[in-house]
Amino acid sequence: METTKITGAEALMRSLEHEGVDVLFGYPGGAIMPTYDALYDHKESLHHILVRHEQAAVHAAQGYARVSGKVGCAIVTSGPGAMNTITGVADAMIDSTPMVVICGQVGAAMLGTDAFQEVDVVGVTQPITKWNYQIRRAEDIPWAVARAFYIAKSGRPGPVVLDFAKNAQTAMIDYAPQTVNFIRSYNPVPSADAASIEEAARLINQSVKPLMLVGQGVELAGARQELLELCEKAQIPFGQTMLGLSAAPTNHPLNMGMLGMHGNLAPNVMTNQCDLLIAVGMRFDDRVTGDLHTYAKQAKVIHFEIDPSEVGKIIKPTVAVLGDCKQTLAQVSALVEPTTHQAWIDGFKPYAEKEYNKVIDAALNPTEGPLLMGEVVRRVSEATNNEAIMVTDVGQNQLFGCRYFQYTHPRSIVTSGGCGTMGFGIPAAIGATFGAPERTVCMFCGDGGFQMTIQELGTIMEQQCPVKMILLNNNYLGNVRQWQYMFFNKRYSFTPMLNPDYEKIAEGYGIPCRTVIERADLADAIKEMLATDGPYLLQCAVKEEDNVLPMTPPGGSVDDMLLEVK
């Protein structure tokens, strides 16, 4: 193979190009400066987005990865730069987001001396990455980069961190690109067992009251068609986890809604009435299961899962179907007999009607009083013909967003699930505009989370990212306030927010902004926002003490949801 003598920093650039990287999110600094110098000559092929804080670089890489299906890439300096990425790395790990983070590091000769901006990045990130590696020699760069991208995107995706010593960036090597598609002892996709496929099909064929739980794994595998074919063939109703909400269209007749603490009443109640629970690409998070002592005790359980470590970790399955669910769902579907479960499906309707009458109608169709978060979310969704990407921050904006936005296309929800990271919304939305430039990106945020990464309005300004930001301003840390209202005797301990003038802030960044207070102005404001080229901030003054319902009380059973609070 022909080689070329170049610096390690240049080798990194060429290795990233070899992996198909087209967008980088980052922030330069001393220990990564040789790499940024090399990047100067690759500005056409490697589009670098200068964020305003390193945490935003990783969240933007997450947003990019989640909507594009590619590996997100962030690049930062050593010490505080690397440490500022930790939240995003942990977030990507728990939410299975493929990402490679490249951190500068002091020279190898100085490691362990407490040199300026030296931190043990490998030690810190080991528990929250699929793999991490310290590149101390320039000749290891092509191998390390190829291995990093392979691990990040294969099997159950996740983050990889490369700690890039400064001497390795400046040393000269004979460069040749490398490709990694196999690592000894690493089996990213376990082989499906024929006996488990047959047993899963048998359980489905015998079932009278089956319920499918659809997780993000369906999205990651690109298995929407296979999922719907199985559900339609066997007439299996399904509920979705928060990260799995766009794995199937919202309006599909078998879609019973969102699972979990603030999900829909029907799929939660029927979890404890089904005779067969079929989990696909989900990990039985505590916000989905509630009290494990009462969770689906009457049901047999099939678990379709690519990660063997998740099988039996929370819920012990009757049968585990390991492998890529795009293949395993199709294999099981081939053995399933066409049938109908109309009486079982009809059993969901009374609970859906009860929730609509008690909660949803009031949330979406108020006739007086202040604006409600739910109605704002639904009106934005409808104005995009339910075809936009929804990005959320964390809190009530996230929960109302997930409940009332509607989804048509895959990869249409970007939110922080397992980590629940406030400040996620703005930078993740920036990344989403680069990952899916042909789609509309609507970002819902509360006034608390908005201020956590408000500096990224500078990134939006510089890049003219067409993010449609909907700020749901209730002058509270709303989700914490709700818990204080319900479980802490209405003692609002440090949850009221004194907010700045967001219109003036937007003006300072050159971003069009409009504030809506009256319901009569909402439709026109949304229309104006969507018709505006580039970014837009729509501030909605919403009801201050609105609550997200239904709600399963902490530690409660999934079929014991509260439809009102007193």
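Since this is a predicted model, take the numbers as computed values, not measurements. Throughout, residue positions are numbered sequentially from 1 according to the sequence presented.
Counting only distance, with no hydrogens or angles, the side chain of K468 and the backbone of L530 share no donor-acceptor pair below 3.5 Å. Proximity of a side-chain donor or acceptor of S381 to a complementary backbone N or O of V377 within less than 3.5 Å is not detected. E226 places no side-chain N or O within 3.5 Å of a backbone atom of C325 that could act as its donor or acceptor partner. The backbone N or O of S246 lies less than 3.5 Å from a partner atom in the side chain of R224, making a donor-acceptor pair. Side-chain atoms of E219 come within 3.5 Å of backbone atoms of R411 as a donor-acceptor pair (strictly under, hydrogens ignored). Q240 contributes a side-chain N or O that, together with a main-chain N or O of L245, makes up a donor-acceptor pair within less than 3.5 Å. Side chain of D361 to backbone of N357: no donor-acceptor contact under 3.5 angstrom is found. Panel note: side chain N255, backbone G257; a donor-acceptor pair is recorded below 3.5 Å. Formation of a donor-acceptor pair under 3.5 Å by the H59 side chain with backbone atoms of G88 is not found in this model. Looking at N268, its side chain does come within 3.5 Å of a backbone N or O of N264 through a donor-acceptor pair.
A cation-pi arrangement is present between R481 and Y476 under the rule of less than 6.0 angstrom and at most 45 degrees off the ring axis.
Counting heavy atoms from C-beta on, the side chains of T415 and L243 come closer than 4.5 Å. Here the side chains of M390 and F444 are in contact, with some heavy-atom distance below 4.5 Å. Residues L254 and Q235 have side chains in contact (heavy-atom distance under 4.5 Å, counting atoms from C-beta outward). Residues L549 and K358 fail the side-chain proximity criterion, which asks for heavy atoms closer than 4.5 Å. Looking at F149 and L16, their side chains come closer than 4.5 Å, going by heavy atoms from C-beta outward. Q484 places a side-chain heavy atom less than 4.5 Å from the side chain of T495. Between H409 and R439 the shortest side-chain heavy-atom distance falls below 4.5 Å.
Between Y502 and F450, the angle of the ring planes goes over 60°, which puts this pair in the perpendicular group of the 30/60° scheme. Between F348 and W344, the two ring planes are perpendicular [angle over 60°; tilted spans 30° to 60°].
Each of V516, T515, T532 was evaluated against L538; a single residue qualifies, V516, per the side chain to side chain contact (heavy atoms under 4.5 Å, CB included) test.
In terms of heavy-atom proximity, Y150 sits nearest to P188 at OH-CG, 3.7 Å.
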